[in-house]
> 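The structure's right below; bear with me while I get my questions together.
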There are 2 protein chains.
Amino acid sequence: MPSPTTDTATGPSPAPVGRRERKKAATRQAIADAALRLFLERGYDEVGIREIADAADVSTTTLFKHFPVKEALVFDEDSGQETRLLAAVRERPKGQSIPAALREHALTTRLAAADSDAGFTAFTNLVASTPALRDYAQNMWLRHTAALAQAIAEESGLAAGDPICAALAHFALEAPRAAYAHDNPRKAITRAFDLLEHGWSALT
Amino acid sequence: MPSPTTDTATGPSPAPVGRRERKKAATRQAIADAALRLFLERGYDEVGIREIADAADVSTTTLFKHFPVKEALVFDEDSGQETRLLAAVRERPKGQSIPAALREHALTTRLAAADSDAGFTAFTNLVASTPALRDYAQNMWLRHTAALAQAIAEESGLAAGDPICAALAHFALEAPRAAYAHDNPRKAITRAFDLLEHGWSALT
DNA sequence: TCAATAAGTGCAACAACTTAATTTTTGAAG
DNA sequence: CTTCAAAAATTAAGTTGTTGCACTTATTGA
């Protein structure tokens, strides 16, 4: 689940270099911010594309150059999340196991986004209460697990279709979700990944 | 995966009684048939709603009274499928285990639809090659597993959220899918459900 | 027979999205 | 600094899925 906030820290997001790319990124961000604000204020279905474009002071065509469909406005930095997730596996320190890398990623990136962000709950509610967004998020989640499963297969040398890869990918993305309901998410995540780590090392 | 063909046999579908309901069913079928024919001929995205309505000789308003969204035209009898699936579990003969009931249902209903229907492959290809339909089918599939999981929980007396129910539901719907790739689907299904049956009896 | 109800119609409208032609902005070469 | 090609944004005019509304027609049950 992507965080709705603006990237302020110099995180792992590819810092735009030229003025051109910086401006483009700024426009994109202005659109996403305006959209999220309006959606949270009045609900996803009550806000039209034109209105968002007006609020961000761009034309609707420009809006669609940045976001292919309306739903994508809500899951703005989703593609970045997936990139970082795959990077966490592919570029993990030598000697670190794949589940360990995933745990680290879950603890740093995902938990940090969740509890530093005050609007996170509101965001989650928005998605949960809007059918169109629920469906979109669900399919997004499936694409992420598929991509992660493939990356795991490549990194571990297992066959691309091996169900173990799919299962690990599935659990690794499900664990943080389940942990939010827990009173101590940090601990819940750690223990869940302990389980995965043991199972993984036994099976590979 | 639902079969695209018209119901001709007196299957478990609730036979319409009054003239009114019969007519209604007839229009619905006319629309679905026209839609599928056009989609197979020219592709999902190349056929508009208005064209389908014309082909079925109804107004677009009427079309949407029968099918809430365009995608639903393709998965016409999906809701019936789900009903029959749940019924197979809930109304199984006394003494029959849940996995056994699911196997029977897979063997009769689902396999029968698949290899009796010449257009089945074309239908599958249509869905697989159209992103909108892939996504829709995926979400449909998830709703089915959720519904099945709940039915299994009720029938077995396990807690509603028990992961075992979700897992059995998942595998029971996945098995026939995987079996189509096999050279002898009937045998593949039977063996897959043997596995589930043993696991189930051990765990409950 | 008659009134209630449900199915179907025609049309206009809206919102999401596309396309094409045009203008502005920008990075960099001369 | 000027010039120029490409990227980004705009304007305007569609197309398409989907809905609302006012209305007709057919079926049903009393």
> Are OP1 or OP2 of D:dA26 and a side-chain N or O of B:R20 less than 4.0 angstrom apart?
no
> Return the value, rounded to whole Å, for the distance between atom CZ of B:R22 and atom P of C:dG8.
14 Å
> Both B:T27 and A:V69 contact DNA chain C. Which one's nearest nucleotide lies toward the 5' end?
B:T27
> Can A:E155 and A:R92 be said to form a salt bridge (charged side-chain N to carboxylate O under 4.0 Å, His left out), step by step?
CA-CA 10 Å; A:E155 284 294 315; A:R92 81 199 113 99; 2.6 Å; yes
> Rounded to whole Å, how long is the line connecting atom CZ of A:R42 with atom P of C:dA15?
12 Å
> When you check the side-chain N and O atoms of A:E154 and A:Q150, is any donor under 3.5 Å from an acceptor?
yes
> Nearest whole angstrom, please: distance from the C1' of C:dT5 to the CD of B:E21.
13 Å
> Respond yes when some side-chain nitrogen or oxygen of B:R19 is under 4.0 Å from OP1 or OP2 of D:dT27, and no when none is.
yes
> Starting at CZ of B:F39 and ending at C1' of D:dT16, how long is that distance when rounded to a whole Å?
13 Å
> Would you check if the distance from the ring center of B:F67 to the ring center of B:F75 is below 6.0 Å?
no
> For the residue pair A:K70 and A:Y44, would you count it as a cation-pi contact if the rule is NZ or CZ under 6.0 angstrom from the ring centre and within 45 degrees of the ring axis?
yes
> Could you check how far CD of B:E51 sits from C1' of D:dT15, rounded to whole Å?
13 Å
> Give me the residues of residues 54-63 of chain A where at least one heavy atom lies under 4.0 Å from an atom of DNA chain D, by number, or none.
A:D57, A:V58, A:S59, A:T61, A:T62
> To the nearest Å, how far apart are B:F64 CZ and C:dA15 C1'?
13 Å
> Rounded to the nearest angstrom, tell me the gap between atom CD1 in A:I52 and atom P in C:dA15.
12 Å
> Salt bridge between A:R191 and A:E197, side-chain N to carboxylate O under 4.0 Å?
no
> Expressed as a whole number of angstroms, how long is the span from B:R50:CZ to C:dG10:C1'?
13 Å
> Could you say whether B:D45 or B:K23 is positioned toward the 5' end of DNA chain D, judged by the nucleotide with the nearest heavy atom to each?
B:D45
> Would you tell me if any nitrogen or oxygen in the side chain of A:H66 comes within less than 4.0 Å of OP1 or OP2 on D:dA9?
yes
> So, is B:K24 close to the C:dA7 phosphate, meaning a side-chain N or O under 4.0 Å from OP1 or OP2?
yes
> Can you confirm whether the side chains of B:T121 and B:T124 place a donor and an acceptor under 3.5 Å from each other?
no
> Can you find a side chain N or O atom of A:K70 that sits less than 4.0 Å from OP1 or OP2 on C:dC17?
no
> Would you classify A:K65 as touching base, sugar-phosphate or nothing, given that sugar-phosphate means primed atoms plus P, OP1 and OP2, and contacts are heavy atoms under 4.0 Å?
base
> With respect to A:T60, which candidate in A:K65, A:R50, A:E51 satisfies the side-chain contact (heavy atoms from CB on, under 4.5 Å) definition?
A:R50
